[in-house]
Undergrad: 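Below you will find the structure I want to go over with you.
By convention in this document, chain letters (A, B, ...) are assigned in the order of the sequence lines, proteins followed by strands, and residues within each chain are numbered from 1.
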Amino acid sequence: MPAPFRLYNTLSREVEAFTPAEPGKVKLYFCGMTVYDHCHVGHARAMVTSDMVARYLRHRGWDVDFVRNYTDVDDKIIRRAAENGEAWNELAERYIQSTQEDFRALGLAKPTSEPRVSTSMDTILEMIGTLVERGHAYENEGSVWFDVASFPEYGKLSRQKVEDMRQPDEAVPGKKTPVDFALWKAAKPGEPSWESPWGPGRPGWHIECSAMAQATLGTQVDIHGGGLDLVFPHHENEIAQSECAHGGELYARYWMHNGLLTMASGAKMGKSEGNAFGIKEVLQVFPAEALRIYYLQVHYRSPLPWNVDALPDALGLLSRLYEAKENASQMEGTEAIPAVIAGLGKDAERVVELASSFPEKLYAAMDDDLNTAKALGMAFELARAVNRLSNHKKAKKRGGPIAKLALDAFDVLAEALGLLQLSGEAFVEEVKDKRLPPLGLTREGVEEKLAARVAAREAKEWDRADAIRAELEEAGIQVMDRPDRVEWRIRLDVREEA
RNA sequence: GGCGCCGUAGCCAAGUGGUAAGGCAGAGGUUUGCAAAACCUCCAUUCAGCAGUUCGAAUCUGCUCGGCGCCUCCA
């Protein structure tokens, strides 16, 4: 059984030892996307967070049932579709496709189940029926409202008292009290609707997650996650619905909430703020792992500032790790490790020490409420030790067995965090593919200039060679003269886009 | 008004009672035809401020200042 995993629980506001209901098994429900538009990098942080926790727990040997839903019936979808003159379900389908493309591009692990509201209507109706039967909900003119007063624990997640809440300006007709919320909305002309015991209508915003969680994972989930902005009202209301429908059984044992992306000013990023960057736009010019390391360099619960330097900086971090991975993979040799250490000295010993203790230390950091920032710090220490070893003249011929230990350590990082999944070489190529077009360059153009410079260098015409190099550097290309060849990279300190 | 989070070097960021990880930027050096990359050295006697608890505090308590989120669109 895995070592103790500790997770911050929003419900208790404390880091707690993680104990699922069933030993070895984790039921994970994460609020997914409402599909009315393309995803932006703020959504991606939440999705990468869900991926990180599922991926890590699976890596540690837990049997993870991971459910992440699509909300495809919603006010915004209906409104947007009406604006477009498009059928609501066509619009939703279009954005589900778009979202799935983004998730694939982000390298997100496939959830066990990805339920949709539109195909979960039976469970939704059944759950609302139960709530009405048990006196937790009431019908009024074809709509059904949750009766907040019937659930004394209401507010326990967000730590708010109903009487302290700011009252809405306008009263919604049909509600007994302003804090009551819709479980079922009576159909309006031109809107999609489903048949129900209360007449045609559609589900309210919160019931779908309660219902989909129940349908896929049962009455209790171990971890329920989502963005911090979902704590209230969404998750608070889910608790109310599920616990009332399930006779008071605790709905989620642990609540995890990721921090939001903020702008430099500290204000949050969001569609409604008009400051959102789309995932597609970002991934067109940056590798997905650059975005991932940008998220993971900060603890998942902290706010994360977004600015023009965020991705170039993150790509720099990632490049540093890949450089070390590539250096390690180029070392050869078949001697036994003690012999290699005897030959290469304490720098080799240092790599052995860091690499062999790496998994254990990584797990300790991750088990402590998923401390990815600390885990990455350790990866950089290992990278430096590997690079240092690779500077030895004999390292390339003899360092292989030791480098293998470092590569194994990097593989753990790949599996547990989803970073360094490519080879060093493949990474460099991906960076070129993505960064060349925004710089207005092509491989052919660069190679041509490079060939001219090689000729100049062979003729020892240093001024001409340096002029060509200066030109390339100006354009955003860094030339690297290796002993046996010439390489080139994209300069990360040349920043084009805003 | 209510609930809650945060303030660590020029910048990003770990660290939640035992004497400040890691990355970027910067300075010097090794290497190089010169560079770049890499490596080495240096770079916070100090953690917004004040007071308190303690043998000991960035870590605990109180207050002050500053920033942010939520209070029915939100990842």
Side-chain angles (χ1 to χ4, degrees), chain A residues 10 13 15 30-34 36 39-50 74-76 79 155 158-168 172 178-182 204-206 225-234 236-237 257-262 265-273 293-294 297-299 301-305 307 309-310 312-314 316-317 319-320 323-324 327 347 365 371-381 383-392 457 460 462-463 465-466 469-470 473 478-483 487-489 491-493:
Chain A
T10 307
R13 308 287 160 109
V15 177
F30 210 94
C31 282
M33 293 299 309
T34 298
Y36 70 101
C39 304
H40 61 68
V41 289
H43 300 127
R45 184 185 191 192
M47 299 308 129
V48 168
T49 301
S50 73
D74 167 89
D75 289 353
K76 278 178 292 194
R79 195 186 317 136
S158 58
R159 307 228 164 167
Q160 299 185 96
K161 294 186 184 123
V162 170
E163 54 270 30
D164 291 338
M165 289 181 199
R166 187 174 281 166
Q167 302 302 312
V172 176
V179 287
D180 290 353
F181 54 91
W205 173 31
H206 315 290
L228 195 60
D229 51 356
L230 294 182
V231 172
F232 190 91
H234 188 56
E236 194 73 71
N237 290 353
H257 292 98
N258 60 273
L260 304 179
L261 237 57
T262 60
S265 63
K268 103 185 209 192
M269 175 184 289
K271 278 273 155 55
S272 34
E273 279 74 9
I293 203 168
Y294 157 69
Q297 66 180 324
V298 175
H299 187 94
R301 282 192 281 118
S302 299
L304 176 55
N307 59 56
D309 290 333
D313 285 351
L317 294 179
S319 299
R320 185 166 165 71
E323 184 81 23
N327 284 338
D347 289 345
N371 194 337
T372 52
K374 193 174 185 179
L376 285 175
M378 294 174 338
F380 283 108
E381 282 181 346
R384 194 194 313 135
V386 167
N387 289 337
R388 184 173 175 162
L389 176 65
S390 76
N391 279 347
H392 284 246
R457 289 184 79 219
K460 297 216 184 315
W462 305 122
D463 287 351
D466 290 352
R469 182 173 62 196
E473 282 177 1
Q478 184 60 57
V479 179
M480 305 159 92
D481 295 324
R482 305 292 196 188
E487 285 185 27
W488 59 280
R489 298 283 155 82
R491 282 180 64 182
L492 299 179
D493 54 343

Undergrad: Calculate the interatomic distance between A/E323 atom CD and B/rA37 atom P; express it in whole Å.
TA: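 Atom-to-atom, A/E323 to B/rA37, this comes out as 10 Å.
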Undergrad: Rounded to whole angstrom, note down the P distance from B/rA20 over to B/rA27.
TA: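 Rounded to whole Å, the distance is 27 Å.
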Undergrad: What is the nucleic acid contact for A/G42, judged by heavy atoms within less than 4.0 Å: base, sugar-phosphate only, or nothing?
TA: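 If one applies the 4.0 Å heavy-atom cut-off, A/G42 turns out to touch a base.
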Undergrad: Expressed as a whole number of Å, how far does the P atom of B/rC34 sit from that of B/rA25?
TA: 23 Å
Undergrad: Counting side-chain heavy atoms from CB outward, which of B/rA35, B/rA75, B/rC3 is closest to A/Q160?
TA: B/rC3
Undergrad: Taking pairing as Watson-Crick or G-U wobble with both contacts under 3.5 Å, can you name the mate of B/rC65, or confirm there isn't one?
TA: B/rG7
Undergrad: What is the distance from atom CG of A/D75 to atom OG1 of A/T34, rounded to the nearest 0.5 Å?
TA: 10.0 Å
Undergrad: Between B/rU72, B/rA38, B/rG22, which nucleotide has the shortest distance from any of its atoms to the side chain of A/F380?
TA: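 Shortest atom-to-atom distance from the side chain points to B/rG22.
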Undergrad: From C-beta outward on A/V298, which listed nucleotide comes closest to its side chain: B/rC70, B/rC34, B/rA14?
TA: B/rA14
Undergrad: Starting at atom NE2 of A/H206, determine the distance to atom P of B/rC71, rounded to an integer number of angstrom.
TA: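 Rounded to the whole Å, the gap is 11 Å.
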Undergrad: Starting at CG of A/L230 and ending at P of B/rG69, how long is that distance when rounded to a whole Å?
TA: 16 Å
Undergrad: Pairing check on B/rU46: which nucleotide meets the Watson-Crick or G-U wobble criteria with it, both distances under 3.5 Å?
TA: none
Undergrad: Is there a donor on the side chain of A/R469 or the base of B/rA35 sitting less than 3.5 Å from an acceptor on the other?
TA: yes
Undergrad: Mark yes or no for whether A/R491, through its side chain, and A/E473, through its backbone, hold a donor-acceptor pair below 3.5 Å.
TA: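 A pair under 3.5 Å: yes.
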Undergrad: With a 4.0 Å cut-off on heavy atoms, is A/G225 in touch with a base, just the backbone sugar-phosphate, or nothing at all?
TA: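 No contact.
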Undergrad: At their closest point, which heavy atom of A/N371 faces which heavy atom of A/H299, and how far apart are they?
TA: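 Taking A/N371 first and A/H299 second, the nearest heavy atoms are CA-ND1, 4.2 Å.
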Undergrad: Given B/rA37, B/rA14, B/rC39, identify the nucleotide with an atom nearest to the side chain of A/A373.
TA: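 Looking only at heavy atoms from C-beta outward on A/A373, the closest nucleotide is B/rA14.
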Undergrad: Starting at CD1 of A/I293 and ending at P of B/rA14, how long is that distance when rounded to a whole Å?
TA: 14 Å
Undergrad: Between A/S158 and A/M480, which has a closest nucleotide on RNA chain B that is more 5'?
TA: A/S158
Undergrad: Between B/rG18 and B/rG66, how far is it from one C1' atom to the other, in whole Å?
TA: 30 Å
Undergrad: Grab the two heavy atoms, one from A/A314 and one from A/Y294, that are nearest each other, plus how far apart they are.
TA: CB-CB, 3.5 Å
Undergrad: To the nearest Å, give me how far apart CG (A/D481) and C1' (B/rA35) are.
TA: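 Taking CG of A/D481 and C1' of B/rA35, I get 8 Å after rounding.
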Undergrad: On a whole-Å scale, what distance lies between the P atoms belonging to B/rG7 and B/rU61?
TA: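 Comparing P positions in B/rG7 and B/rU61 gives a spacing of 14 Å.
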Undergrad: Any strand is fair game: report the nucleotide pairing with B/rG28 by Watson-Crick or G-U wobble, both distances under 3.5 Å, or none.
TA: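 Paired with B/rC40.
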Undergrad: Are any of A/N391's side-chain N or O atoms less than 4.0 Å away from OP1 or OP2 of B/rA38?
TA: no
Undergrad: Can you tell me how far P of B/rC3 sits from CD of A/E163, to the nearest Å?
TA: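 Computing the A/E163:CD to B/rC3:P distance gives 11 Å.
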Undergrad: Given the C1' atoms of B/rG23 and B/rC43, what is the spacing between them in whole Å?
TA: 14 Å
Undergrad: Return the nucleotide paired to B/rG52: Watson-Crick means purine N1 to pyrimidine N3 with N6-O4 or O6-N4, wobble means G-U with N1-O2 and O6-N3, both under 3.5 Å.
TA: B/rC60
Undergrad: With rounding to whole Å, what would you report as the distance between B/rC60 and B/rC55 at their C1' atoms?
TA: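 My reading of the C1' atoms in B/rC60 and B/rC55 gives 16 Å.
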Undergrad: Starting at atom CZ of A/R482, determine the distance to atom C1' of B/rA36, rounded to an integer number of angstrom.
TA: 8 Å
Undergrad: Between A/V479 and A/N237, which residue's closest nucleotide on RNA chain B lies nearer the 5′ terminus?
TA: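 Going by which nucleotide is closer to the 5' end, it is A/V479.
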Undergrad: Once you apply a heavy-atom cut-off of 4.0 Å, does A/H299 come out as touching a base, just sugar-phosphate, or nothing?
TA: sugar-phosphate
Undergrad: Using the C1' atom on both, measure B/rC70 against B/rC40 and round to a whole Å.
TA: 49 Å
Undergrad: Mind checking the C1' distance from B/rG49 to B/rA58? Whole angstroms is fine.
TA: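 Their C1' atoms lie roughly 14 Å apart.
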Undergrad: Considering only B/rG4, B/rU72, B/rA37, which nucleotide approaches the side chain of A/R13 most closely?
TA: B/rG4
Undergrad: Within less than 4.0 Å of OP1 or OP2 of B/rG15, is there a side-chain N or O belonging to A/N371?
TA: yes
Undergrad: Is the closest side-chain heavy-atom distance between A/T262 and A/P305 below 4.5 Å?
TA: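 Yes, side chains in contact.
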Undergrad: Counting only distance, no hydrogens or angles, is the base of B/rG22 paired donor-acceptor with the side chain of A/E381 under 3.5 Å?
TA: no
Undergrad: Does A/D466 contact B/rG33 through a side-chain donor or acceptor facing the base, at a distance under 3.5 Å?
TA: yes
Undergrad: Could you work out which one of B/rU72, B/rC40, B/rC73 sits closest to the side chain of A/K76?
TA: B/rC73
Undergrad: Look at the aromatic rings of A/H206 and A/F181 and report parallel, tilted or perpendicular, splitting at 30° and 60°.
TA: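 Rings of A/H206 and A/F181: perpendicular, as their planes differ by over 60°.
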Undergrad: In the structure shown, which nucleotide is the Watson-Crick or G-U wobble counterpart of B/rA20, with both distances under 3.5 Å?
TA: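 Base partner found: none.
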Undergrad: Could you let me know what B/rG1 is paired to, Watson-Crick or G-U wobble, both distances under 3.5 Å, or none if it's on its own?
TA: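 Across all strands, the one nucleotide that pairs with B/rG1 is B/rC71.
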Undergrad: Are OP1 or OP2 of B/rG23 and a side-chain N or O of A/R384 less than 4.0 angstrom apart?
TA: yes
Undergrad: Please evaluate the base of B/rG33 for a donor-acceptor partner in the side chain of A/R457 within a cut-off of under 3.5 Å?
TA: yes
Undergrad: Calculate the interatomic distance between A/N387 atom CG and B/rU30 atom C1'; express it in whole Å.
TA: 15 Å
Undergrad: Using side-chain heavy atoms (C-beta onward) and a distance below 4.5 Å, is A/R457 in contact with A/D481?
TA: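 Counting from C-beta outward, A/R457 and A/D481 do come under 4.5 Å.
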Undergrad: Has the side chain of A/D309 got a donor or acceptor atom sitting under 3.5 Å from an opposite partner on the base of B/rC24?
TA: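 Side chain to base: no pair present.
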Undergrad: Going by the side chain to side chain contact (heavy atoms under 4.5 Å, CB included) test, name the single residue among A/V41, A/V48, A/T49 that passes it with A/R45.
TA: A/T49
Undergrad: Within the structure shown, what part of the strands sits under 4.0 Å from A/R159 by heavy-atom distance: base, sugar-phosphate, or nothing?
TA: sugar-phosphate
Undergrad: May I ask you to evaluate whether A/R320 reaches the phosphate of B/rA38, defined as a side-chain N or O under 4.0 Å from OP1 or OP2?
TA: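 Yes, such a contact exists.
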Undergrad: I need the minimum non-hydrogen distance between A/V298 and A/P303, along with the two atoms involved.
TA: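 So the two residues come closest at CG1-O, 4.2 Å.
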Undergrad: Scan every strand shown for a Watson-Crick or G-U wobble partner of B/rG33, both distances under 3.5 Å, and answer none if you come up empty.
TA: none
